[in-house]
2 protein chains.
Amino acid sequence: MVSLKDIAQRCGVSTATVSKALNGQPDIGEETRSRILRIADELGYMANASARALKTKRSYNIGVLFVDPMHGGLAHEFFSTVLDSIRSEAERHGYDITFINRGLGQRETSYLQHCRYRGVDGVVIASADFTDPMVTELVQSDLPVATIDHVFNDRIAVLSDNLRGMDALVRFVAAKGHRKIALIHGEPTSVTVGRLTGFHRACEELGIQIPDKWIRQGVFHDPKSCSAITRELLEDPDRPTCIFFPDDYSCIGGLNAIHDAGLRVPEDISAVGYDGIPLSRIVSPVLATWRQDTGALGTLAAARLIEQIEHPRTAILDRVIVEGRLQEGGSVRQIC
Amino acid sequence: MVSLKDIAQRCGVSTATVSKALNGQPDIGEETRSRILRIADELGYMANASARALKTKRSYNIGVLFVDPMHGGLAHEFFSTVLDSIRSEAERHGYDITFINRGLGQRETSYLQHCRYRGVDGVVIASADFTDPMVTELVQSDLPVATIDHVFNDRIAVLSDNLRGMDALVRFVAAKGHRKIALIHGEPTSVTVGRLTGFHRACEELGIQIPDKWIRQGVFHDPKSCSAITRELLEDPDRPTCIFFPDDYSCIGGLNAIHDAGLRVPEDISAVGYDGIPLSRIVSPVLATWRQDTGALGTLAAARLIEQIEHPRTAILDRVIVEGRLQEGGSVRQIC
DNA sequence: CGCCTCCACTTAATCGTTTAAGTATATTAG
DNA sequence: CTAATATACTTAAACGATTAAGTGGAGGCG
């Protein structure tokens, strides 16, 4: 409503002067500047983001690509905390965020087109099918991109240490005496690859043999599929003493299947999650899990992306590893 | 990158013609139009949202105000599903969403200023302190506004029927034989008022007397505070047979406190949640709760808001009530 | 005194789009 | 055959900001 023009009029100067005064340019006299600032404040002036973006090609908007292939989108605690930390870090730097999707209304568009349409200054890819050509297109564009839990060449990547996390969990349950361990993992993504590697390496180093039938593919965040696999594992007379789930949420689904089978956790069988969402501490027993620093994941991705946006020549496009820590919940029991 | 100008050049027409062709204006010849459309497609043209918004004062962007006073923001399943449905309904209509906050970078701003800065076409207020003067300012502005679970005069409001939900829950547990019912409610908001009213009315109609000490104020989505209150309720020798929690999430925290006290749910004490988030079906026992139609809440708010944005003269600014349904979980047992 | 520099501003162009108003050509009416 | 009308365009201004280039005057220097 109130524009530079209004302020210029009231101050008896040109709009250029007002713009420069407001932006802290050096070639403005001291009393002129303070008068302009005062009037701007009085009138409740607020810049027009569209006009500014049009002229400067900087929208102070960052895109967030967040595709949960199975479910609604941001409905899970892990994602929503990551998202929230992206949001608040962006806000701290004066950026807003825009969800990137395909298709504006009827029109079908690619993710990249959506980004161009809104003129986002960069994109955080927080969860997506990284083999999707549209995602590849985005990553190969000239837009600054930061990915979470996936590495692309010459791009910022923020990763949680899946290998180490899984390693720590295996050692934890092994120390509790478990040797018959089953692993339900998620879809084959780089996250899954890291975790599987960590799992197998730790088992090997500890001299634990895991039969193939105990390595099963489930679905991330899908208690249904994980419950079904759990049931199968339990039906086998030679059953594991401990089951690893793809994540805490599906672990809770697994607990349910275990209870339905008339067994108790951890007395009859132990369970291990992954993520360390708040919920994992609220349920009973508290889950043994690897607590990812979801806040750091989002915050770092946003911070590094903004760094690249604002200092394109000097920003280092490498990977950052975020540490996690073991949550020793009661869902794993000591066996002799 | 590719602008109207480029298309105009390639087609040998003016930018005005291209604009009109692309926007389906009637005064463009058939072959000209199809040629323009073809070239635009070939060049991968995508409009520039900033330029368009600058000229038309329509950003195709809707603001979402989402302030969770206690926690990070969108970290809870109830909120995140509402948000996700707002997002996807907006997307269906060609709108993007922007989170509204105070303060862009260092600069302190009001919610309304943020809205003006981004030029949002309207705002969904999904969760906020409705007594906050900044929220009031927003609601009293000329921006289209839709609120969720709160009513303002002459504004679109989408509400879940808290009174009926609570009524149904009370009748459900009463039918199971419970008469000693405790209620932990959330902060005093209009949601809480509705639920309390429903609770007291149902109790009165059923002839159930509830002592004051069993009506306690907790905090929404805060398992900690609810656990503490639960402990207090359990310590009293004259303890309730059933506890109502402000929501499913805090109910799960309450279950934990109950277990810690050496009691089982539902054998020793029954528990009731509210919301019906997916999690409530995953835990064991499944929670008895009122399943709110969170999808409808968000979808309707977005749809009605967009209706008002696009047809300001004919849109009806009233309240919509969203139905929910009883989820008869195993967390309430039949007592004699 | 004449020239240069510096300061504090203004002018004017520009970003990409939309749209009211204008224009040239073809068509129809009288 | 002229005049009115319709069609299919073009012209040009505008949205609100930014910014390179220009300007006028004060002050400094030799």
Side-chain angles (χ1 to χ4, degrees), chain A residues 1-37 39-40 43-61 94 104 107 113-121, chain B residues 1-37 39-40 43-61 94 104 107 113-121:
Chain A
M1 306 259 92
V2 181
S3 70
L4 285 190
K5 220 185 205 167
D6 302 306
I7 301 177
Q9 231 144 38
R10 283 268 300 235
C11 292
V13 296
S14 72
T15 61
T17 305
V18 177
S19 171
K20 289 196 270 189
L22 257 27
N23 290 316
Q25 298 287 74
D27 64 340
I28 299 294
E30 256 328 305
E31 3 72 89
T32 311
R33 180 191 308 280
S34 61
R35 187 158 39 96
I36 289 172
L37 256 44
I39 298 289
L43 299 182
Y45 171 76
M46 179 99 273
N48 178 318
S50 297
R52 177 174 288 170
L54 178 58
K55 181 66 185 150
T56 63
K57 271 104 180 53
R58 292 274 282 104
S59 62
Y60 284 91
N61 223 302
L104 299 160
R107 195 144 194 74
Q113 278 187 303
H114 190 176
C115 289
R116 298 234 185 276
Y117 172 59
R118 285 293 175 193
V120 299
D121 298 328
Chain B
M1 306 261 90
V2 181
S3 71
L4 287 189
K5 219 185 203 167
D6 303 306
I7 301 176
Q9 232 145 37
R10 283 269 300 237
C11 292
V13 297
S14 71
T15 62
T17 304
V18 178
S19 171
K20 289 196 271 190
L22 257 27
N23 291 315
Q25 297 288 74
D27 64 340
I28 300 294
E30 255 329 303
E31 3 73 89
T32 310
R33 180 193 307 280
S34 61
R35 186 158 39 97
I36 289 173
L37 255 45
I39 298 287
L43 298 183
Y45 171 76
M46 178 100 275
N48 178 318
S50 297
R52 177 175 287 170
L54 178 58
K55 183 66 188 150
T56 61
K57 272 103 179 54
R58 291 273 283 105
S59 63
Y60 284 91
N61 221 303
L104 298 160
R107 195 143 194 74
Q113 279 187 303
H114 190 177
C115 289
R116 297 236 185 274
Y117 172 59
R118 286 294 174 191
V120 299
D121 298 328

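Lettering of chains follows the sequences in order, A, B, ..., and the numbering in each one begins at 1.
- S19(A) comes within 4.0 angstrom of a nucleotide base, judged by non-hydrogen atoms across all strands.
- Picking from dG16(D), dT10(C), dT10(D) the nucleotide with the shortest atom distance to the side chain of S14(B) gives dT10(D).
- At least one donor-acceptor pair under 3.5 Å links the side chain of R35(B) to the backbone N or O of C11(B).
- Looking only at distances, no side-chain donor or acceptor of R10(A) sits under 3.5 Å from a matching main-chain atom of A40(A).
- At a threshold of 4.0 angstrom between heavy atoms, the contacts of A47(B) are confined to the sugar-phosphate backbone, with no base atom among them.
- Candidate nucleotides dA8(D), dT11(C), dG16(C) were compared by shortest atom distance to the side chain of A16(A), and dT11(C) ranks first.
- Side-chain contact between M1(A) and D6(A) is absent, with no heavy-atom pair separated by less than 4.5 Å.
- Side-chain proximity of T15(B) to dC15(C), dT10(C), dT18(C): nearest is dT18(C).
- Formation of a donor-acceptor pair under 3.5 Å by the D121(A) side chain with backbone atoms of S59(A) is found in this model.
- Residue R52(B) contributes atom CZ, which lies 8 Å from atom P of dT17(C) at whole-angstrom precision.
- Side chain D27(A) to base dC7(C): no donor-acceptor pair is found below 3.5 Å.
- The closest donor-acceptor contact from the side chain of T15(A) to the backbone of L4(A) lies at 3.5 Å or more, if one exists at all.
- Residue T32(B) places at least one side-chain N or O closer than 4.0 Å to OP1 or OP2 of dC9(D).
- In this structure, N48(A) places its CG atom 10 Å from P of dT18(D), rounding to the nearest Å.
- To the nearest angstrom, P of dA8(C) lies 10 Å from CZ of R33(A).
- Taking atom OH of Y60(A) as the reference point, atom P of dA17(D) lies 15 Å away to the nearest angstrom.
- Heavy-atom nearest nucleotides on DNA chain D were determined for P26(B) and for L54(B), and the one closer to the 5' end corresponds to P26(B).
- Across the interface with DNA chain D, nearest-nucleotide mapping of E30(B) and T56(B) shows E30(B) to be the residue nearer the 5′ end.
- A straight line from CD1 of I28(B) to C1' of dT7(D) spans 11 Å, rounded to a whole angstrom.
- With distances taken from any side-chain atom of K5(A) to the nucleotides dT17(C), dC15(D), dC15(C), the minimum falls on dC15(D).
- K57(B) has its NZ atom 10 Å from the C1' atom of dA14(D), to the nearest Å.
- Residue L4(B) contributes atom CG, which lies 6 Å from atom P of dT18(C) at whole-angstrom precision.
- Within the structure, every side-chain polar atom (N or O) of Y117(B) is placed at least 4.0 Å from both OP1 and OP2 of dA17(D).
- Distance from the side chain of K20(A) is smallest to dT10(C) among dT19(C), dG16(C), dT10(C).
- One finds a side-chain N or O of T17(B) lying less than 4.0 angstrom from the OP1 or OP2 phosphate oxygen of dT10(D).
- In this structure, Y45(B) and I39(B) have side chains that are not in contact, with every pair of non-hydrogen atoms separated by 4.5 Å or more.
- Separating the CG atom of L43(B) from the C1' atom of dG16(C) is a distance of 15 Å, rounded to the nearest angstrom.
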